[in-house]
J.: 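First, the structure itself, so that you have it in front of you.
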Amino acid sequence: MGVNLQVNVGGLIMKNPVTVASGTFAYGQEYDQYFDIAQLGAVTVKSLSIQPRAGNRPPRLVETPAGMLNAIGLQNVGIDAYLRDKLPYLREKGCTIIGNIYGHAPEEYAELARRLEAENGADAIEANLSCPNVHDARTVRGGALVAQAPERVAEYTRAIKAATKLPVFVKLTPNIIDIVEPALAAQEAGADGVALINTLLGMGINPETRRPILRNIVGGLSGPAIRPVALKMVWDAAKHLRIPIIGMGGICSAADAMQFILAGATAVAVGSYSFRQPDAALRVIQGLEAYCQRHQVEDIRQLIGAMEA
Amino acid sequence: MGVNLQVNVGGLIMKNPVTVASGTFAYGQEYDQYFDIAQLGAVTVKSLSIQPRAGNRPPRLVETPAGMLNAIGLQNVGIDAYLRDKLPYLREKGCTIIGNIYGHAPEEYAELARRLEAENGADAIEANLSCPNVHDARTVRGGALVAQAPERVAEYTRAIKAATKLPVFVKLTPNIIDIVEPALAAQEAGADGVALINTLLGMGINPETRRPILRNIVGGLSGPAIRPVALKMVWDAAKHLRIPIIGMGGICSAADAMQFILAGATAVAVGSYSFRQPDAALRVIQGLEAYCQRHQVEDIRQLIGAMEA
Amino acid sequence: MPYIADCRITTHQEVAPEHYRLVVHAPQLAKEAQPGQFCMLQVREGHYPFLRRPMSIERIFADGVSFLYKVVGEGTRMLSGMSQGQMLNVQGPLGKPFPRESGFDRYIITAGGIGIAPFPALADALKRELGKAPEVIIAARTERFLLCEKDFRQMGCKVHFATDDGSAGEKAFASEVLKRLSPAAGTVVYACGPMPMMKATHAVCAAAGAVCYASLEAEMACGDGVCLGCVVEANVEVETERMVRVCKDGPVFDTQLIQWESY
Amino acid sequence: MPYIADCRITTHQEVAPEHYRLVVHAPQLAKEAQPGQFCMLQVREGHYPFLRRPMSIERIFADGVSFLYKVVGEGTRMLSGMSQGQMLNVQGPLGKPFPRESGFDRYIITAGGIGIAPFPALADALKRELGKAPEVIIAARTERFLLCEKDFRQMGCKVHFATDDGSAGEKAFASEVLKRLSPAAGTVVYACGPMPMMKATHAVCAAAGAVCYASLEAEMACGDGVCLGCVVEANVEVETERMVRVCKDGPVFDTQLIQWESY
Ligand SMILES: Cc1cc2nc3c(=O)[nH]c(=O)nc-3n(C[C@H](O)[C@H](O)[C@H](O)COP(=O)(O)OP(=O)(O)OC[C@H]3O[C@@H](n4cnc5c(N)ncnc54)[C@H](O)[C@@H]3O)c2cc1C
Ligand SMILES: Cc1cc2nc3c(=O)[nH]c(=O)nc-3n(C[C@H](O)[C@H](O)[C@H](O)COP(=O)(O)OP(=O)(O)OC[C@H]3O[C@@H](n4cnc5c(N)ncnc54)[C@H](O)[C@@H]3O)c2cc1C
Ligand SMILES: Cc1cc2nc3c(=O)[nH]c(=O)nc-3n(C[C@H](O)[C@H](O)[C@H](O)COP(=O)(O)O)c2cc1C
Ligand SMILES: Cc1cc2nc3c(=O)[nH]c(=O)nc-3n(C[C@H](O)[C@H](O)[C@H](O)COP(=O)(O)O)c2cc1C
Ligand code: FES
Ligand code: FES
């Protein structure tokens with residue numbers, strides 16, 4: 001049986017619903033050594049900023065039970081080097097590209113989106129409004145992240161939407177009471193989709209040295225450990241949104257991805273698990289196709305939000 | 001070297017800083033089969049309500065990577081049966097008791113606290129303002145839990161404090177932007193300590209049946225998976241509070257417990273890990289003593305908040 | 001009283017595709033265990049899988065017990081990778097055993113699939129204690145998953161087969177075979193298997209006036225009555241509770257107690 | 001180009017307390033691997049431990065490679081429980097090898113503790129390719145952790161020992177022994193060991209005008225340049241980056257590049 005895996009994520013056509021999470025796939029080239037990355041529904045690149053960023057000082061990562069903490073701090077080559085050095089490879093391969101962007105103000109996001117569109121640097125924009133490792137989440141109280149304040153989410157989204165015709169996805173944080181609030185704010189401000197979730201704030205201490213394990217003290221928790229949390233947020237958001245959701249958080253297998261799709265995600269991203277298994281996203285695609293065949297589902301879109309409560 | 005492990009948690013003297021998390025130790029009797037539970041700094045009992053509660057319909061639990069989701073729904077024998085059938089065993093053993101309570105309104109919490117004090121049912125009160133499995137966290141938007149609204153935390157805390165002279169601890173939820181807000185609200189309303197954290201909201205779907213794994217759909221995530229999140233919240237709260245913190249969330253070993261103490265917890269609770277290893281809390285006590293000896297620390301109180309940032 | 005110990009694996013063999021028998025050296029456990037009780041096995045060190053896995057006690061020997069299990073997920077797969085000589089952390093015996101009362105006319109065991117696991121021990125005890133070799137219905141998807149036949153025959157049990165595909169015995173459900181055996185008042189039926197099978201078995205017994213004890217399954221965290229995660233809904237209140245814990249109040253229940261409508 | 005494969009464990013032995021040598025059958029890996037490169041080993045199926053573990057390639061054979069490792073935590077403990085014949089999932093070869101340039105007067109290897117791991121392959125290559133058997137300083141806490149002596153002697157290397165407790169060789173740090181060997185301009189030093197040891201080694205070499213290549217360690221998630229988790233701070237910008245990735249830009253670095261003040 002032929003299975004249609006193609007989905008339309010707020011105007012972005014993906015040949016299958018599987019992308020990779022920003023920051024867990026760099027700019028694609030490294031993992032192209034292990035499998036043909038053009039098979040992905042889309043490649044989501046590491047957050048890009050206007051200037052290159054050195055990121056936080058090391059140590060920047062530590063394993064945790066069924067997950068990991070990272071405090072990379074958005075180290076990236078900057079938009080210029082991306083367009084010059086990284087983009088050609090992805091375009092040559094024929095990849096669909098989601099350009100994840102990060103800035104210090106709405107204008108910076110707008111500028112990044114404009115450049116990506118103008119220079120064919122992406123087929124959709126994902127605005128990272130929720131990185132726990134850049135705003136000083138260690139000391140600022142009461143919500144340092146844009147994605148924790150619905151009115152700021154709206155403001156940023158409007159600025160980006162005004163700057164580009166590309167589909168715009170807004171990436172939100174799980175460190176919040178009700179994910180529906182910033183998600184609705186994004187939708188009302190014109191976002192074409194939301195990406196759920198970024199990492200959860202966490203930390204670790206080495207009891208022997210009595211020092212924090214990460215130099216930045218605080219980092220973002222990812223991996224299978226957080227999957228149940230991510231799934232709940234996707235399900236919550238799906239009940240209230242018209243725009244599509246890209247679900248992520250601990251996805252390792254097609255069975256995991258199916259949970260997110262059934263909860264209401266139109267597409268999914270494989271994140272940290274690629275570190276363990278570089279071709280994990282490809283296996284998810286293959287597994288989704290096999291799932292549809294086994295269940296005689298001709299079009300995967302029939303499964304979006306199809307959980308029977 | 002003799003080591004002092006005794007701590008004073010807002011007026012509750014614990015002979016060591018280790019208790020168990022409410023709902024993971026029932027009323028103590030079962031695990032007394034495996035070790036002498038009187039060795040614990042305190043036994044924290046399953047949440048008690050005025051009337052017995054049947055809890056949610058099954059299935060109520062599922063394992064997750066390095067953790068578990070539960071939707072017990074506060075099934076408990078009720079305060080009368082507790083005082084009559086469960087308390088004598090604990091008192092006979094000489095246990096220090098933290099009476100965890102749950103009600104539908106401030107008056108119910110006050111009533112439970114009053115009864116526990118009057119009938120010698122507890123040596124301190126822990127008010128569960130954060131159970132994700134009873135308020136209808138599935139459908140109510142914008143924060144269904146008391147612990148998500150600082151002003152309600154204050155109101156509930158005041159009511160309980162007015163009803164009892166026992167130390168009162170307020171148990172908070174990690175499903176929030178800034179844990180310091182409800183924690184400060186509790187402190188300002190007279191709480192003698194805070195207990196951090198309750199479970200994180202989460203869910204699971206069986207992709208084969210397309211049905212939620214839990215009958216309640218949503219449950220609470222616990223276990224080592226959430227430890228980094230819990231630790232970050234304890235550290236956040238410790239920076240801003242005068243009152244002591246009972247830290248919990250994924251503690252399995254003395255090394256884990258030490259992380260919480262170094263982050264600022266005065267006491268710690270072993271939760272879900274007891275299911276795997278019923279004497280886990282005892283091993284934590286032994287491990288803390290060994291840690292102090294190895295590091296030549298005469299008094300464990302010197303280590304509270306002693307992380308070097 | 002249950003206890004926890006590292007037990008040496010003395011035998012571990014595949015008895016059918018994806019089905020294993022595992023024997024551990026555990027003299028104290030063997031002394032206390034009763035047919036129908038179970039153990040919580042810690043499949044691995046570390047945090048994965050996080051919880052122990054419940055397994056019925058299949059046979060009780062002088063110096064240990066055996067388990068009979070099917071690989072259904074990662075925990076049982078990891079268990080199947082353990083070798084003879086390795087240590088397995090075992091908690092048990094847990095739960096209430098099958099009641100073994102004299103005075104019944106007929107003793108019938110009915111098992112679906114891996115639900116056969118607790119019955120070799122039970123049949124053995126009925127034979128030894130009451131002198132009654134029970135009749136046994138073994139049902140499975142197909143012939144090669146019909147387990148323990150030889151054990152039962154050696155105890156002098158009459159064995160009936162049922163398979164979904166007719167590859168051995170009747171092409172029928174266990175409950176249909178049971179019905180044809182005409183249980184009646186004075187018959188006691190012991191059942192274990194998938195929930196629909198036990199529900200049907202209960203219905204047959206209730207209609208016939210037979211007593212039925214079933215060993216139920218549920219996801220378990222503690223296995224010892226603490227977490228309240230493994231409950232099933234009861235028809236009547238048991239010690240003031242409407243929810244009964246499979247691990248502590250069961251796993252063996254008089255089927256009249258269970259609210260079968262939920263299944 | 002790195003690849004990922006399940007490789008059969010052909011030998012696995014304890015070579016000192018808590019120290020193991022593990023040999024895997026991996027012909028393609030053996031063909032591509034260079035001394036100083038490493039592999040990411042997947043210790044277990046499932047989610048625990050979540051990440052792979054980086055291990056230097058100790059020796060390169062015709063049809064496989066060996067690793068030499070020390071048990072320091074749960075991952076290495078689980079690894080040590082694997083048996084000959086089992087399959088181990090290996091990703092590699094990864095990272096930049098030790099530069100092997102002719103034209104130096106002297107080649108010195110200096111290793112602290114388990115830092116000895118990458119050097120048997122390096123010494124072998126230097127001997128075969130350049131005809132130079134390097135001098136080797138092996139430092140460890142105490143005598144029984146002085147590893148690989150025989151391998152080096154067989155290659156004709158001169159071996160110096162240093163122990164913290166004086167139980168063998170000099171009671172000194174590796175860097176002190178190195179200093180007494182009087183490295184100079186024209187000397188190349190290869191170092192691997194704890195950070196303070198490599199920092200001191202760098203200082204000795206810098207003062208003497210010797211070239212020093214060190215194999216650094218960092219916590220790694222991907223091992224392949226993707227996650228940016230394993231960086232160390234560089235003195236100069238490398239390809240416009242101030243942070244260099246141990247996994248991809250290293251693990252072997254010219255020590256002049258590293259900002260040693262941070263350690
Ligand atoms: C009292 C009792 C006695 C049991 N005796 C036996 C026995 O003798 N032999 C045997 O093969 N099996 C027995 N089981 C079932 C056995 O415990 C499960 O098959 C096992 O826990 C599955 O673990 P897993 O990691 O392989 O599967 P998982 O990956 O955890 O799950 C795979 C599937 O099995 C289901 N499952 C997982 N855990 C349980 C559980 N605790 N109870 C029921 N279903 C579960 C899941 O819902 C899922 O559908 C018993 C269960 C109970 C409660
Ligand atoms: C390029 C490279 C090559 C290496 N080669 C070898 C080798 O040949 N032989 C050998 O024995 N070891 C080697 N190591 C170190 C080895 O990777 C760690 O000892 C191992 O990952 C620890 O895993 P664990 O689960 O046992 O310990 P964990 O429980 O993860 O940690 C125990 C301790 O080890 C530290 N640690 C954990 N992971 C790493 C890591 N990736 N790098 C450094 N420290 C870590 C932790 O901070 C902690 O202090 C190498 C490391 C790198 C980066
Ligand atoms: C090492 C690492 C780096 C990350 N960098 C970024 C980033 O640059 N931009 C971003 O939006 N998210 C970043 N994330 C978050 C992931 O995209 C993803 O939202 C999160 O990890 C949850 O998915 P997972 O559990 O599958 O990893 C990063 C995550 C990790 C682990
Ligand atoms: C099965 C189960 C039942 C629980 N019941 C309660 C409860 O009745 N009252 C309460 O305050 N917390 C309850 N909790 C939350 C725990 O007390 C604790 O806050 C949480 O599990 C985090 O700790 P852990 O990760 O160590 O388990 C329960 C947790 C579990 C797993
Ligand atoms: S498994 Fe915990 S009460 Fe039954
Ligand atoms: S380990 Fe990921 S970049 Fe080095």
Side-chain angles (χ1 to χ4, degrees), chain A residues 64-67 69 138-139 141-143 145 148 174-178 180-181 200-212 217-219 221 223-233 235-236 239-240 250 252 254-263 291 295 303 306-309, chain B residues 64-67 69 138-139 141-143 145 148 174-178 180-181 200-212 217-219 221 223-233 235-236 239-240 250 252 254-263 291 295 303 306-309:
Chain A
T64 67
L69 277 170
R138 283 178 306 159
T139 48
R141 275 204 41 219
L145 310 180
Q148 288 169 331
N175 280 94
I176 195 152
I177 289 179
D178 183 4
V180 180
E181 291 181 8
L200 273 164
L201 283 165
M203 69 183 279
I205 301 174
N206 180 335
E208 295 305 314
T209 62
R210 298 184 203 167
R211 296 179 67 82
I217 306 182
V218 168
L221 183 66
I226 69 167
R227 191 197 307 138
V229 171
L231 188 68
K232 159 77 163 65
M233 300 225 161
W235 183 66
D236 277 351
K239 280 179 294 183
H240 295 277
C252 307
D256 296 344
M258 270 315 306
Q259 293 193 58
F260 283 81
I261 292 170
L262 291 167
Y291 178 96
H295 288 263
L303 297 173
M307 180 184 90
E308 295 161 30
Chain B
T64 68
L69 278 169
R138 285 178 305 160
T139 48
R141 275 202 43 219
L145 310 181
Q148 288 169 331
N175 279 94
I176 195 149
I177 290 180
D178 183 3
V180 180
E181 291 181 7
L200 272 163
L201 283 164
M203 69 183 279
I205 301 175
N206 179 336
E208 295 306 315
T209 62
R210 297 184 203 165
R211 297 179 66 81
I217 306 183
V218 169
L221 183 65
I226 69 166
R227 191 196 311 138
V229 172
L231 189 67
K232 159 77 163 65
M233 298 220 162
W235 183 66
D236 278 350
K239 279 180 295 183
H240 296 277
C252 307
D256 297 344
M258 269 314 306
Q259 293 193 58
F260 283 80
I261 292 170
L262 291 166
Y291 178 97
H295 289 263
L303 297 173
M307 181 183 89
E308 295 160 30

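A, B, ... follow the sequence lines: proteins, then strands. Residue 1 opens every chain.
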J.: Considering only heavy atoms, which portion of B:Ile176 lies under 4.5 Å from any heavy atom of chain A: side chain, backbone, both, or neither?
T.: both
J.: Is it the side chain or the backbone of B:Ala257 that comes within 4.5 Å of chain A heavy atoms, both, or neither?
T.: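 Contact with chain A involves no heavy atom of B:Ala257 at all.
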J.: Show your reasoning for whether side-chain contact (heavy atoms from CB on, under 4.5 Å) applies to A:Lys232 and B:Leu200.
T.: CA-CA 10 Å; A:Lys232 159 77 163 65; B:Leu200 272 163; over 6 Å; no
J.: Out of the candidates B:Val229, B:Leu221, B:Leu201, only one should pair with A:Val229 under the side-chain contact (heavy atoms from CB on, under 4.5 Å) rule; please name it.
T.: B:Leu221
J.: Give the member of B:Arg227, B:Arg211, B:Met258 that has the highest number of heavy-atom pairs under 4.5 Å with chain A.
T.: B:Arg211
J.: With distance as the sole test, does A:Gln259 use its side chain to make a donor-acceptor pair with the main-chain N or O of B:Ile205 at under 3.5 Å?
T.: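 Yes: the side chain of A:Gln259 pairs with the backbone of B:Ile205.
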J.: So, for A:Leu231 and B:Gly204, which heavy atoms are closest and what is the spacing to 0.1 Å?
T.: CD2-CA, 3.7 Å
J.: What distance do A:Asp178 atom CG and B:Gln148 atom CD have between them, rounded to the nearest 0.5 Å?
T.: 8.5 Å
J.: I need the minimum non-hydrogen distance between B:Met307 and A:Met203, along with the two atoms involved.
T.: SD-CE, 3.9 Å
J.: Quick check: closest heavy atoms across B:Pro207 and A:Ala255, and the distance to 0.1 Å?
T.: CG-O, 3.8 Å
J.: So for B:Phe260, is it side chain, backbone, both, or neither that comes closer than 4.5 Å to the heavy atoms of chain A?
T.: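 Neither the backbone nor the side chain of B:Phe260 comes within 4.5 Å of chain A.
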J.: Which pair of heavy atoms, one from A:Ala66 and one from B:Ala66, lies closest together, and at what distance?
T.: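 Nearest pair, atom of A:Ala66 first, then B:Ala66: CB-CB, 3.7 Å.
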J.: Go through the atoms of B:Ile261 and report whether side chain, backbone, both or neither lie under 4.5 Å from a heavy atom of chain A.
T.: neither
J.: Below 4.5 Å from any heavy atom of chain B, which atoms of A:Ala263 appear? Answer side chain, backbone, both or neither.
T.: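 A:Ala263 touches chain B through backbone and side-chain heavy atoms alike.
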J.: Once side chain to side chain contact (heavy atoms under 4.5 Å, CB included) is applied, do any residues pair with B:Ala306, and if so which ones, sequence neighbours excluded?
T.: B:Leu262
J.: Between B:Gly67, B:Gly202, B:Ala225, B:Pro228, who has the most heavy-atom pairs with chain A when the cutoff is under 4.5 Å?
T.: B:Pro228
